[in-house]
Visitor: 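Structure below; questions to follow.
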Amino acid sequence: MINGHTQLFGIVGRPVTHSMSPAMHNAAFSELGINGVYVPMQPDSLEQGFYGLRSLGFSGVSVTVPFKVDIMAFLDHIDPVAQKIGAVNTLLFDRNNPDQVISKGYNTDWLGANQALAEEVTLADSTVLVIGAGGAARAVGFGLLEAGAQVIIANRTASKGQELAAQLGCPFVAATDIATIQADALINTTSVGMHPHIDGLPIAAELLDHFAVVMDIVYAPLQTRLLREAALRGCRTIDGLQMLLHQGAAQFSLWTGQSAPHATMRQALLRELQARAI
Ligand code: ATR
């Protein structure tokens, strides 16, 4: 029930109508009996949107494409790992002192990826091939290094892959040399295989048995061709909802101080996916 005490949360992005985060977070509030609401928001101007949220009493906000880098300019504090990644996906407005609201920025994308992968792999001392060199690869790569994993980057455009690998301080492997890699896990951070191009594969299927675990961050469809081909070759697989779930669970804990109801949140995400009939 929304009343005068309802805590305000939401997501800012452009576009934002497709976001599954409102379903996930509102289900979590409901499950734990928290008087909170989480809404999608598309600001005309990020700066005006940010100061509006701060002024209107919002407690926490998710930040998505295309604002994860630009939002950093407005924040009072930025978590050191988010600073290293160069992107913030979570805002917390600290209102402990009503005279001085403090805005804090975090990145839970790397936590989400680590926690999803940690369900199948011991991250410290593992070797992980990360496919892609965009924002998602950057968060995943830095996060794995934080956890003590060895990271190798592969990317369609070699120059972009080499640049990210140099920033991470890890090796880059050219597409023609991926066959030489054996690793504990492979993570696809590209959009290859995403609806409607569901036949896409980010790596040749016959190489998938070089990896014990294959994780995809694409979640529409949930069983991507990559995950199906990997399962056929005996790999353990992790679907894209797990990263979304765990990054959201980390946000939920930052905002509420409570541990997140993972099962409820995943069910809410699955219902949203089914409603889209992908
Ligand atoms: P994000 O910030 O979501 O990670 P991005 O910055 O657009 O998105 O990065 C997309 C990544 O997916 C890039 O690594 C891109 O490869 P290029 O650097 O060669 O562009 C990769 N990618 C996207 N479509 C691809 C495709 N059809 N085949 C291979 N890689 C693809």
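Start at 1 and go down the list; that is how both ligands and their atoms are numbered. Treat the numbers as computed from the prediction; the structure is a model and nothing was measured.
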Visitor: Which of the numbered atoms in ligand 1 are under 4.0 angstrom from any heavy atom belonging to Ala136?
Guide: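 Those of ligand 1 that fall under 4.0 Å from Ala136 are 1 (P), 2 (O), 4 (O).
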
Visitor: Of Val69, Thr190, Ile217, which has the heavy atom at the shortest distance from atom 12 (O) of ligand 1?
Guide: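 Nearest option to atom 12 (O) of ligand 1, by heavy atoms: Thr190.
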
Visitor: Please say which of Leu144, Asp216, Val214 ends up in a side chain to side chain contact (heavy atoms under 4.5 Å, CB included) with Ile187.
Guide: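 One option only clears the test, and that one is Leu144.
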
Visitor: If the threshold is 4.0 Å, N to carboxylate O, is there a salt bridge linking Arg138 and Asp109?
Guide: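 So Arg138 does not pair with Asp109 through a salt bridge.
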
Visitor: Counting heavy atoms only, which part of Asn155 comes closer than 4.0 Å to ligand 1: side chain, backbone, both or neither?
Guide: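 The answer is the side chain.
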
Visitor: With a 6.0 Å cut-off on the ring centroids, do Phe67 and Phe50 count as close?
Guide: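 Centroid distance Phe67-Phe50: not below 6.0 Å, so no.
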
Visitor: For the CD atom on Gln150, are there more than 12 heavy atoms of other groups (residues, nucleotides or ligands in this structure) within a distance under 6.0 Å?
Guide: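 Open.
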
Visitor: Heavy atom under 4.0 Å from ligand 1: found in Val192's side chain, backbone, both, or neither?
Guide: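 Within the 4.0 Å criterion, Val192 contacts ligand 1 through side-chain atoms alone.
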
Visitor: A quick test of your reading: do over 12 heavy atoms of other residues, nucleotides or ligands sit less than 6.0 Å from NE2 of His197?
Guide: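 Atom NE2 in His197 is not packed in, count stays at 12 or less.
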
Visitor: Using a strict 4.0 Å cut-off to heavy atoms of Lys160, name the atoms of ligand 1 that fall inside it.
Guide: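 Atoms satisfying the 4.0 Å criterion: 18 (O).
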
Visitor: Tell me which protein heavy atom sits closest to atom 9 (O) of ligand 1, plus the residue, atom name and distance to 0.1 Å.
Guide: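 Among all protein heavy atoms, the one nearest atom 9 (O) of ligand 1 is Gly134 CA, 3.4 Å.
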
Visitor: Hey, is ligand 1 close enough to Ala133 that some N/O pair sits below 3.5 Å?
Guide: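 N/O-N/O distance below 3.5 Å exists for this pair.
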
Visitor: Can you name the atoms of ligand 1, numbered from 1 with element, that are less than 4.0 Å from a heavy atom of Gly132?
Guide: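 Going through ligand 1 atom by atom, the ones under 4.0 Å from Gly132 are 14 (O).
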
Visitor: How far is atom 19 (O) of ligand 1 from its nearest protein heavy atom, and which residue and atom name does that atom have?
Guide: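 Closest protein heavy atom to atom 19 (O) of ligand 1: Thr157 OG1, 2.5 Å.
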
Visitor: Tell me which protein heavy atom sits closest to atom 20 (O) of ligand 1, plus the residue, atom name and distance to 0.1 Å.
Guide: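 Protein heavy atom with the smallest distance to atom 20 (O) of ligand 1: Arg156 NH2, 2.9 Å.
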
Visitor: A quick test of your reading: do over 12 heavy atoms of other residues, nucleotides or ligands sit less than 6.0 Å from CG of Asp76?
Guide: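 Atom CG in Asp76 is crowded, with more than 12 foreign heavy atoms closer than 6.0 Å.
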
Visitor: Counting non-hydrogen protein atoms only, what is the nearest one to atom 1 (P) of ligand 1? Give residue, atom name and distance.
Guide: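 The answer is Gly135 N, 3.6 Å.
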
